[in-house]
There are 2 protein chains.
Amino acid sequence: MSSRSTATGSAADADRLAPAVHSAAQTRILTAARELFAEHGVSGTSLQMIADSVGVTKAAVYHQFKTKEAIVVALVDMELGQLQLALDAAQEGRGGPDELVALMTQVIDLAVSRRRMVRTLLYDPVIVRLLAEHRPYQVFMRRLFGALLGGATDPKARVRAAMVASAIGGVVTHPLVAALDDSTLRAELIDLAQRLM
Amino acid sequence: MSSRSTATGSAADADRLAPAVHSAAQTRILTAARELFAEHGVSGTSLQMIADSVGVTKAAVYHQFKTKEAIVVALVDMELGQLQLALDAAQEGRGGPDELVALMTQVIDLAVSRRRMVRTLLYDPVIVRLLAEHRPYQVFMRRLFGALLGGATDPKARVRAAMVASAIGGVVTHPLVAALDDSTLRAELIDLAQRLM
DNA sequence: GTCTATAGAATGATAGAC
DNA sequence: GTCTATCATTCTATAGAC
């Protein structure tokens with residue numbers, strides 16, 4: 001029926017990231033914005049650039065999204081929504097070390113397939129602030145980190161979890177592996193991640 | 001006398017990052033800019049913000065640095081200059097696995113002590129483009145990656161090197177370890193990095 | 001080394017027509 | 001859903017006085 005909300009993991013329904021539906025025009029804008037944000041960052045991307053990339057005027061963009069921040073929020077919702085599904089899938093068969101391995105694999109799959117957006121999502125100052133200030137994002141990030149930490153909160157566990165998380169996020173954005181194709185990168189990452197745990 | 005320029009390592013003198021000398025006024029501006037760039041990113045920081053932070057007008061800032069990019073370049077020079085010294089020190093006693101361990105330790109020290117700037121340096125789109133387009137930076141990054149790869153260029157080595165590099169860079173900026181003090185963080189990082197190699 | 005004042009372009013955002 | 005036209009604000013950058 002509804003989602004579980006136990007002490008160990010998933011959030012209550014009210015705190016879940018709601019999957020938003022977008023019109024065709026909105027989708028065109030979001031697709032262009034994703035590409036531009038990935039290349040220039042959020043602050044480095046103007047509404048004029050987005051409008052030009054879509055092939056419409058600024059006014060048309062503002063008709064679809066009230067503010068620039070609304071575009072950022074819609075994009076973050078989409079990306080984190082994917083991550084939420086991955087986390088759900090990993091926690092499906094609950095408990096044990098299997099959960100962590102499953103989570104790792106899911107996250108690696110996602111990170112590799114969305115390489116271009118990962119850096120922006122993890123490190124762009126505008127998005128970092130957004131994630132820190134909006135309740136639903138806070139709740140989700142806590143759940144994700146919780147799964148990564150597996151209950152522990154000591155320095156050793158924190159550094160290890162931070163390392164696994166940023167190693168995955170960092171590798172897929174690293175110039176050294178820019179030329180590698182997705183499947184090679186994914187295979188190597190899974191191999192190395194398991195050695196880290 | 002002058003620096004070595006063998007096949008394996010250091011760059012010729014002409015390609016080394018030259019240590020610039022700055023006036024007191026310039027240093028005040030660079031210090032303020034470093035803090036603001038770290039928090040808002042380069043694109044998210046205006047010259048007005050820098051001027052306000054220093055306590056002068058924009059015109060005074062422009063008197064010290066001809067353009068905003070000149071400020072970015074000066075900052076990147078300073079930070080990479082530190083890294084260059086660390087790389088020099090690590091390659092002092094040449095060869096063997098010792099070099100890699102020494103490099104790791106040096107880089108971790110630097111990354112931990114400059115936590116706030118690391119994210120900007122590694123991931124800010126403006127700086128990423130700067131590093132990719134300016135010759136001296138390209139040369140230095142190649143040298144650094146070369147030391148990290150230890151000669152190998154296969155996918156496995158690339159992913160491993162990218163992982164070590166981004167694990168260090170990523171961990172020190174990660175919210176999970178924000179509360180840890182420098183020495184704890186450094187110790188845990190060195191421990192984990194060695195297990196990665 | 002810093003100021004006032006300003007130029008000229010670009011920014012985010014809105015009103016109203018089609 | 002998109003357009004033209006416009007607003008107020010901010011942006012980088014410069015000229016010239018002190």
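Not measured: the values here are computed from a predicted model.
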Quiz item: Rounded to the Å, how far apart are Gln64(A) CD and dC3(D) C1'?
Solution: 13 Å
Self-check item: Residues in ring-ring contact (aromatic ring centres under 6.0 Å, His included) contact with His174(A), at least two apart in sequence or another chain
Solution: Phe145(B)
Quiz item: Is any side-chain N or O of Thr57(B) closer than 4.0 Å to OP1 or OP2 of dT2(C)?
Solution: no
Quiz item: Using 4.0 Å as the upper bound for N to carboxylate O, is an ion pair formed by Asp88(A) and Arg143(A)?
Solution: yes
Exercise. Check the hydrophobic clustering (I, L, V, M, F, W, Y; side-chain heavy atoms under 4.5 Å; chains of links allowed) and say if Leu185(B) and Leu110(B) are grouped together.
Key: yes
Quiz item: Once you round it to whole Å, what is the distance between P of dT14(D) and CZ of Phe65(B)?
Solution: 15 Å
Quiz item: Given atom CD1 of Ile29(A) and atom C1' of dT2(D), what is their separation to the nearest angstrom?
Solution: 11 Å
Quiz item: Taking the side chain from Ser53(B) and the backbone from Met49(B), do they hold a donor-acceptor pair closer than 3.5 Å?
Solution: no
Practice problem: Among dT2(D), dG1(C), dC3(C), find the nucleotide with the atom closest to the side chain of Val56(A). | Solution: dT2(D)
Self-check item: Within residues 33-41 of chain A: residues closer than 4.0 Å to DNA chain C (heavy atoms)
Solution: none
Exercise. Could you list the residues that satisfy side-chain contact (heavy atoms from CB on, under 4.5 Å) with Asp109(B), not counting sequence neighbours?
Key: Arg186(B)
Quiz item: Who are the ring-ring contact (aromatic ring centres under 6.0 Å, His included) partners of His134(A), not counting sequence neighbours?
Solution: Tyr137(A)
Quiz prompt | Interatomic distance, His63(A) NE2 vs dT4(D) P [rounded to whole Å] | solution = 16 Å
Quiz item: Once you round it to whole Å, what is the distance between C1' of dT2(D) and CG of Asp52(A)?
Solution: 15 Å
Under-3.5 Å N/O pairs linking protein and nucleotides 10-12 of chain D:
unit_1	atom_1	unit_2	atom_2	d
dC11(D)	OP1	Ser46(B)	OG	3.1
dT12(D)	OP2	Leu47(B)	N	3.0
dT12(D)	O4	Lys58(B)	NZ	3.2

Quiz item: Glu69(A) CD to dT11(C) C1': how many Å, rounded?
Solution: 16 Å
Self-check item: Residues which pass side-chain contact (heavy atoms from CB on, under 4.5 Å) with Ala25(A), listed by chain and number, not counting sequence neighbours
Solution: Ser23(A), Arg28(A), Gln64(A)
Quiz item: Looking for any heavy atom pair under 4.0 Å, which part of the strands does Ala59(B) touch: base, sugar-phosphate only, or nothing?
Solution: base
Self-check item: Glu69(A), CD: over 12 other non-hydrogen atoms inside 6.0 angstrom
Solution: no
Self-check item: Pair Glu188(A) + Arg158(B): basic N to acidic O under 4.0 Å
Solution: no
